[in-house]
Every structure is written in structure tokens, then in C-alpha cells.
Amino acid sequence: MIAELKGASKVYQTPAGPFTALDKTTMVVNEAELLLIIGPSGSGKTTLLSLLGCLIDPSEGQLWVDGKDVATLSASEKADLRLNRIGFVFQQFNLLAPLTAEENVAFPLEMQKLGRTEIGQRTADALAKVNMSEHRRKFPRQLSGGQQQRIAIARALVTDPKLVLCDEPTASLDKNSVDTVMNELQALARSGKAVAVVTHDPRLTVYADRSIEVKNGVVTPIQLEKSQE
């Protein structure tokens, strides 16, 4: 187990009154597992992902990540947790346009203030894992959507995080790119990472070890039916 929510909820105060984005939720995210978080737009699934990523705090309940009660951490300690233990992959890639693929992947390591040799080696290794070494000198505008997403995955991996969180990583990709990206995320889980993928597409359950559904802020497990090889 790398992350755990214990009776955690998220409630926002609005002019119309309290709005519950996520009802009280108890769940775990395990190492060596690809967890699929399914739900329509506005269901609360991105709120759940944001809680797991320590981007927002629960209104009540507890969040534990990598053995730490997040509520006890200072702002700088939370930032350190996000930088060193959590990797983020976003739907819109969030690559920096003026930087090459290689420089985008290296960026988190620059923030960690590592030495040039180590940055170079870890960047090369991360690019190799997603089969993008030959495109390392290209800028984002020179890459296809699938290639940009694979660079985004490499950037998430380069700090060797224990938890990889993906927000709609396949929404803007063609089918071949979807297969490539999901197979790579599946391989990450097999290597020991905890991988959580938010999606509105139930067809991605074939890649998952476990799936949950978020609907109107309520989380429920989904029984997966996989064909036997």
C-alpha cells in the first residue's frame, strides 16, 4: 500500500451552500497495481486524484501517503512529497513548449538540484523506458499526441516516484496511441509502481488490476471480468 484514504471527503463552500465533491471515502492504492478510476465528467474522480496527489486537503478524514499522515506535514514537506514520491501525467501533457523532449523530462531533476551526470543518465533511462530516446531532441510541437503523452510519462517517472497519477491520459489519443500508453502504464505497475488512472472510458478496464467508479462523489468498486488466457 502506498496511499490510503480513511473516511476522507471534500466539501466546497459555495454561494448556494456546501457542495460535496467527494463523499466519505475509504480506499487504498497498492504498489504493483494499476487502479482505474472511472466516472463521468463532474463525478468527483479528479477530486479523488487531487487528494491522492496531495494537491488538495480533505475536508474531513485522513490521507496517508508513503507512510505519512499528510495532515501533519508542512507545506514544504508536502511539496517535497509531491516532487519525490508522486509522478503526475495530465491529459493535456503540460509539456513546456520552449524545451526539447529531453529537457522536459529532465526538468523535475533540475528542481531536485541533482548533478549534471545523474540528470543525464536518469533522463536517458526514463526516455528509453517509453521508447522515445530517438525523439529526445524534438520540441513538443514536433511530436504526435501519443508521443507527447509518452514524454509526459517519462517526466513523471524520472524522479522514480512510488505513486503515478494519471488524469485522463488517453482522452485525446487515437486507438493505437491509447494501446501504447496504457501498455506502458501497465508495465510500470508490473515493475512495482502504484499507478492510478482517471478516465471516463470503461473500455480501459482491460488494462486494470482493479477498478472503482466515482458517481456523484460516491466511490464504489467494480468487479472486473477478464478473459482467461
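Owing to the predicted nature of the structure, the values given are computational and were not obtained by experimental measurement.
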* Does the side chain to side chain contact (heavy atoms under 4.5 Å, CB included) test come out yes or no for Val158 and Ile119, once each step is laid out? -> CA-CA 9 Å; Val158 77; Ile119 289 176; over 6 Å; no
[atom1]-[atom2] distance between [X] and [Y], expressed to the nearest 0.5 angstrom:
| X | Y | atom1 | atom2 | result |
| --- | --- | --- | --- | --- |
| Arg136 | Ile151 | CZ | CD1 | 11.0 Å |
| Leu34 | Arg210 | CG | CZ | 10.5 Å |
| Ile2 | Leu163 | CD1 | CG | 6.5 Å |
| Asn30 | Lys193 | CG | NZ | 15.5 Å |
| Asp80 | Lys68 | CG | NZ | 8.0 Å |
| Lys215 | Thr220 | NZ | OG1 | 8.5 Å |

Tell me whether [X] contacts the main-chain N or O of [Y] through its side chain, where contact means a donor paired with an acceptor under 3.5 Å.
| X | Y | answer |
| --- | --- | --- |
| Thr199 | Ile38 | no |
| Gln112 | Asn84 | no |
| Glu118 | Gly115 | no |
| Ser9 | Ser59 | no |

* Asked: Taking C-beta and beyond as the side chain, do Glu110 and Arg116 meet within less than 4.5 Å on heavy atoms?
  ->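 SC-SC contact between Glu110 and Arg116 confirmed.
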* Asked: Would you call Val178 and Leu204 a side-chain contact if the rule is heavy atoms closer than 4.5 Å?
  ->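 A side-chain contact under 4.5 Å exists here.
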* Could you check Leu173 against Val181 for side chain to side chain contact (heavy atoms under 4.5 Å, CB included), going step by step and ending with a plain yes or no? => CA-CA 9 Å; Leu173 304 183; Val181 166; 3.7 Å; yes
* Excluding sequence neighbours, so at least two apart, what forms salt bridge (charged side-chain N to carboxylate O under 4.0 Å, His left out) with Asp125? ->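 Residues passing salt bridge (charged side-chain N to carboxylate O under 4.0 Å, His left out) with Asp125: none at all.
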* Asked: Is a side-chain donor-acceptor pair under 3.5 Å present for Thr20 with Asp23?
  ->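 Short answer, no.
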* To do: Report the C-alpha distance between Gln142 and Gln147 in whole Å, list the side-chain angles of each, state the deciding distance to 0.1 Å, and finish with yes or no for side chain to side chain contact (heavy atoms under 4.5 Å, CB included).
  => CA-CA 9 Å; Gln142 297 173 306; Gln147 289 171 334; over 6 Å; no
Contact summary for [X] and [Y], nearest pair of heavy atoms:
| X | Y | value |
| --- | --- | --- |
| Pro169 | Gln149 | O-NE2, 2.6 Å |
| Pro140 | Ala97 | CD-O, 3.8 Å |
| Glu4 | Val28 | CG-CG1, 3.8 Å |
| Arg155 | Phe93 | NH2-O, 2.7 Å |
| Val89 | Ala152 | CG2-O, 4.1 Å |
| Ser133 | Ala124 | OG-O, 4.4 Å |

Distance-only criterion, 3.5 Å: show the donor-acceptor pairs between side-chain atoms of residues 44-58 and protein atoms not counting sequence neighbours.
unit_1, atom_1, unit_2, atom_2, d
Lys45, NZ, Gly39, O, 2.9
Lys45, NZ, Pro40, O, 3.0
Ser50, OG, Thr46, O, 2.9
Asp57, OD1, Lys78, NZ, 2.8
Asp57, OD2, Lys78, NZ, 3.1

Give a yes or no on whether [X] and [Y] share a hydrophobic cluster (residues Ile, Leu, Val, Met, Phe, Trp, Tyr; joining criterion: side-chain heavy atoms under 4.5 Å apart).
| X | Y | result |
| --- | --- | --- |
| Leu95 | Leu109 | yes |
| Leu36 | Leu5 | no |
| Val164 | Phe88 | no |
| Leu22 | Val65 | yes |
| Val214 | Val195 | no |

* Residues Ile153, Leu188; criterion side chain to side chain contact (heavy atoms under 4.5 Å, CB included); working and verdict -> CA-CA 10 Å; Ile153 292 172; Leu188 288 183; 4.2 Å; yes
* To do: From the options Thr159, Asp160, Asp66, select the one residue that forms a side chain to side chain donor-acceptor pair (under 3.5 Å) with Arg85.
  =>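 Between Arg85 and the candidates, side chain to side chain donor-acceptor pair (under 3.5 Å) is satisfied uniquely by Asp66.
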* In this structure, which one of Asn183, Asp179, Thr170 forms a side chain to side chain donor-acceptor pair (under 3.5 Å) with Tyr207? ->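 Answer to the side chain to side chain donor-acceptor pair (under 3.5 Å) test with Tyr207 among Asn183, Asp179, Thr170: Asp179.
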* Asked: Are Lys129 and Glu184 close enough, and set up right, to give a salt bridge (Lys or Arg N to Asp or Glu O under 4.0 Å), and what steps lead you there?
  -> CA-CA 8 Å; Lys129 281 182 182 178; Glu184 286 168 353; over 6 Å; no
* Quick one: do Glu33 and Arg190 make a salt bridge, cutoff under 4.0 Å? ->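 Salt bridge flag = no for Arg190 with Glu33.
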* To do: Flag yes if more than 12 heavy atoms outside Asp174 fall under 6.0 Å of its CG atom; otherwise flag no.
  =>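 Counting neighbours around CG of Asp174, more than 12 heavy atoms of other residues, nucleotides or ligands fall under 6.0 Å, so yes.
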* Asked: Is the count of non-hydrogen atoms from other residues, nucleotides or ligands lying under 6.0 Å from Phe90 atom CZ greater than 12?
  ->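 Result for CZ/Phe90: enclosed.
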* Just grab all the side-chain hydrogen bond (donor to acceptor under 3.5 Å, both in side chains) pairs involving residues 88-101, residues at least two apart or on different chains. =>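 Passing the test, one end in residues 88-101: Thr100-Glu103.
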